[in-house]
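First up is the structure itself, then whatever we jot down about it.
Start at 1 with the first residue, then count along the sequence.
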Amino acid sequence: MGDVVGSRTHSIEAHLSVDQVRTWAYRCVDGLTDRRVEINDLNVFPIPDSDTGTNLVFTVRAAVESMRSAGPEADLATVTAALAHGAVAGARGNSGVIVSQVMRALAEHCSTGRLDCRGVQHVLRRASSLVVEVVSVPVEGTILTVLGAAADAAAQSSADLAGVVRGAVDAAAAALERTRSQLPVLDAAGVVDAGGLGLVIMLDALAAVVTGTAPTRARYHRGAAAARPARVPVSGSVQPDARKVLPIGYEVLYRVNDIEVGDVEKLRSALADLGDSVVVAGDGAGTWSAHVHTANAGLAVEVGSKFGTLHEIRIDAFDPSEHRDGAASSAQEGRAILAVVAGDGAEELYAREGATVLRCDTTRIGTAELVAAIVDTTETEVLVLPNGALSASELVSVSVTSRGAGKDVLMLPSSSMVQGLAALAVHGSSRAAVDDAFTMSEAAAGTRWASLRIADEKSLTWVGTCEPGDGLGLVGREVVVIRPDVFSAGRALIDQLLSVGGEMVTMLSGEVCPPPEGSSADHSSKHRCANNPREVASLLADYVADRHPGVEVIVYSGGQPGDVLQLGVE
């Protein structure tokens, strides 16, 4: 029988096509992105660092970008193998590494079989077995429990493909509800498991592809009375161990290549001796990801290097003692993030991240307006993302005036909205303000930013003379590329930015703008592509996937005036 989307009646032979698997992967990204903040807010286990949603989004995006690099003609085996490789190579956090094993199980099955009802049963059963193998000590009430419930329900079903999927998804959702009573730390906080919710969202996406109807689920919110637990164990998907209370800790994650299969368990054991939340997981094709929470990040890296070649090492610090005493004092006092932005889409992006937004494209923003916005915030601590709207001297004046009004103001070094978004991505309200500001500043400073524009007049630049309608590429505020059209300028700009390295490109598409006044018909023709900045971003994203494989691309609609695109490279 054929494909299944759009039909509610299926025979036992119905199966998912390669295009439907692609659709599922894209829907996973959309669903996790839509509920990222919600998942982050539920994140109290193993460490209440509010990043599980973000980690899952980055992990699945990495899988999708790997899938895209396989090309539109790739078959089911190739597509699923690419998903598994991308998920393992780009895994973020404990939950991200675990989700990568779902992709691995999918790839293993699709290498020889098709994805019918029995295939789904096999994939879920294999994924459940894999995550138990790769996690040091499984814990009831986590994403592992939710996956196990889905696998059990699928295995026990004698229905067709749609019935198997619906049964598995509903069982996962029911298991997610039970997690709050299975794990004391979740019960104390009044939440379900954050990673488990992420998995349910991915399974719901599968149900939508198979049945044509997306399940309706309740949204989860932490109640005002449900504080973070008084004592949070420093462990991942492992049983709390009172002997391992770390005075300060790090989350260490890296990719391992060239490791012998027989050494994987040795690496897992060695990391378990250093800390908790140990996961060592592979894609089935020789790439492995290792994850641990430890007090000795350097030693965790050194241990890994003994077994293979390490890539993409990530080390994030957390302070468990801060969480054991409840929420950090800065979180109790309250902290505001104030961002200066331009464009409707950018306003929505920043507001979604919890920032108070000050528009600089609809209202003139000077020192007086910024001071007024800071003073109007209800919080004492205010982190400001100026995003290049004011000069350094003006920001100093704003800081002095605002502190005189009783505000504890920290100006973050964001010169563009893409740098501001990078800073927001690592914001942690539970950290002390100075630590939060330092982390966000590092993220902003580590993001090289550029912009793509249309020349509106003839002008002399450092790289030559541009004509009206030419495409201009700027790094910072200097023109570095001039091309006859915006798309070729964008390609040259991206090549230049990535020539010195980069793992992720963020694109913020601008507003639709008319051709330059007085431009010739030829210039208007050249300008036509820029009338749809989203199309420019889409074409350039495809270019990155083709010419710079392995580099992740994220495209947002910013709606900012002037720039066809703003780009950030991390």
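With rounding to the nearest 0.5 angstrom, the CG atom of Leu176 is 11.0 Å from the OG1 atom of Thr142. With rounding to the nearest 0.5 Å, the separation of CZ in Arg118 from CG in Leu161 is 10.5 Å. With values rounded to the nearest 0.5 angstrom, Arg68 atom CZ is found 11.0 Å from Glu552 atom CD. Note: Glu265 CD to Phe307 CZ = 10.5 Å, rounded to the nearest 0.5 Å. To the nearest 0.5 Å, the span separating CG on Asp435 from CE on Met440 amounts to 13.0 Å. A distance of 5.5 Å separates CD1 in Ile494 from CG in Leu567, rounded to the nearest 0.5 Å.
Using a 4.5 Å cut-off on side-chain heavy atoms (C-beta onward), Leu32 and Arg61 make no contact. Between Ile39 and Asn43, every side-chain heavy-atom pair lies at or beyond the 4.5 Å cut-off. No side-chain heavy atom of Arg255 sits under 4.5 Å from any side-chain heavy atom of Val88. Looking at Leu206 and Val169, their side chains never come closer than 4.5 Å, going by heavy atoms from C-beta outward. The closest side-chain heavy-atom distance from Glu442 to Val426 is not below 4.5 Å. Counting heavy atoms from C-beta outward, Val131 and Ile143 have side chains that stay 4.5 Å or more apart. Arg35 is listed as a side-chain neighbour of Arg217, based on a closest heavy-atom distance under 4.5 Å. Residues Trp24 and Leu16 form no side-chain contact, since every pair of their non-hydrogen atoms from C-beta on lies 4.5 Å or further apart.
In terms of heavy atoms, Ala300 sits closest to Leu271 at O-CD2, 3.9 Å. The heavy-atom pair separating Val99 from Val60 by the smallest distance is CG1-CG2, 4.3 Å. Taking all atoms of both residues into account, the shortest heavy-atom contact from Ala168 to Leu124 is CB-CD1, 3.8 Å. Shown here for Gly568 and Thr447, the closest heavy-atom pair between the two residues is CA-CG2, 3.7 Å. Considering every non-hydrogen atom in both Val303 and Ala270, the closest pair reads CG1-CB, 3.5 Å. Listed here is the closest heavy atom pair of Ala74 and Val18: O-CG2, 3.7 Å.
With His293 contributing its side chain and Val278 its backbone, the two residues share no donor-acceptor pair below 3.5 Å. Looking at Tyr350, its side chain does come within 3.5 Å of a backbone N or O of Leu421 through a donor-acceptor pair. Although no hydrogens or angles enter the test, the distance criterion places a donor-acceptor pair under 3.5 Å between the side chain of Arg448 and the main chain of Leu497. Not one N or O on the side chain of Ser269 forms a donor-acceptor pair closer than 3.5 Å with the backbone of Lys266. Proximity of a side-chain donor or acceptor of Ser128 to a complementary backbone N or O of Arg125 within less than 3.5 Å is not detected. A donor-acceptor distance shorter than 3.5 angstrom exists from the side chain of Ser111 to the backbone of Glu108, with no hydrogens or angles considered. When atom types are taken as modelled, the side chain of Thr59 and the backbone of Ala87 share no donor-acceptor pair closer than 3.5 angstrom. Under the 3.5 Å distance criterion, the side-chain polar atoms of His291 are matched with a main-chain donor or acceptor of Ser277. Arg22 places no side-chain N or O within donor-acceptor distance of the main-chain N or O of Val79, the cut-off being under 3.5 Å.
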Practice problem: Just do the side-chain contact (heavy atoms from CB on, under 4.5 Å) check on Leu42 and Thr52 with the steps written out, would you? | Solution: CA-CA 9 Å; Leu42 301 177; Thr52 294; over 6 Å; no
Practice problem: Give the C-alpha distance, both sets of side-chain angles, the deciding distance and a yes or no for side-chain contact (heavy atoms from CB on, under 4.5 Å) between Asp436 and His427. | Solution: CA-CA 6 Å; Asp436 196 24; His427 164 59; 2.6 Å; yes
Self-check item: Residue pair Cys117, Asp160: steps toward the side-chain contact (heavy atoms from CB on, under 4.5 Å) verdict
Solution: CA-CA 6 Å; Cys117 64; Asp160 59 8; 5.7 Å; no
Practice problem: Run the numbers on Thr287 and Asn257 for side-chain contact (heavy atoms from CB on, under 4.5 Å), then give the verdict. | Solution: CA-CA 5 Å; Thr287 296; Asn257 289 343; 3.5 Å; yes
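Asp75 and Thr78 form a side-chain donor-acceptor contact under 3.5 Å, judged by distance and modelled atom types alone. Defined by atom type and a distance below 3.5 Å, a donor-acceptor pair is missing between the side-chain atoms of Asp193 and Thr179. Between the side chains of Asn55 and Ser95, no donor-acceptor pair is found at a separation under 3.5 Å.
Under a 4.0 Å N-O distance rule, the pair Glu348/Arg352 qualifies as a salt bridge. Between Arg219 and Asp41, no side-chain nitrogen of the basic residue sits less than 4.0 Å from a carboxylate oxygen of the acidic one, so the salt-bridge criterion is not met. Looking at Arg27 and Asp30, no side-chain N of the basic residue comes within less than 4.0 Å of a carboxylate O on the acidic one, giving no salt bridge.
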For a quick test of your reading: what N or O donor-acceptor pairs under 3.5 Å do the side chains of residues 498-507 make, sequence neighbours left out?
unit_1, atom_1, unit_2, atom_2, d
Ser499, OG, Gln496, O, 2.7

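A search for salt bridge (Lys or Arg N to Asp or Glu O under 4.0 Å) contacts involving Asp283 returns nothing, not counting sequence neighbours.
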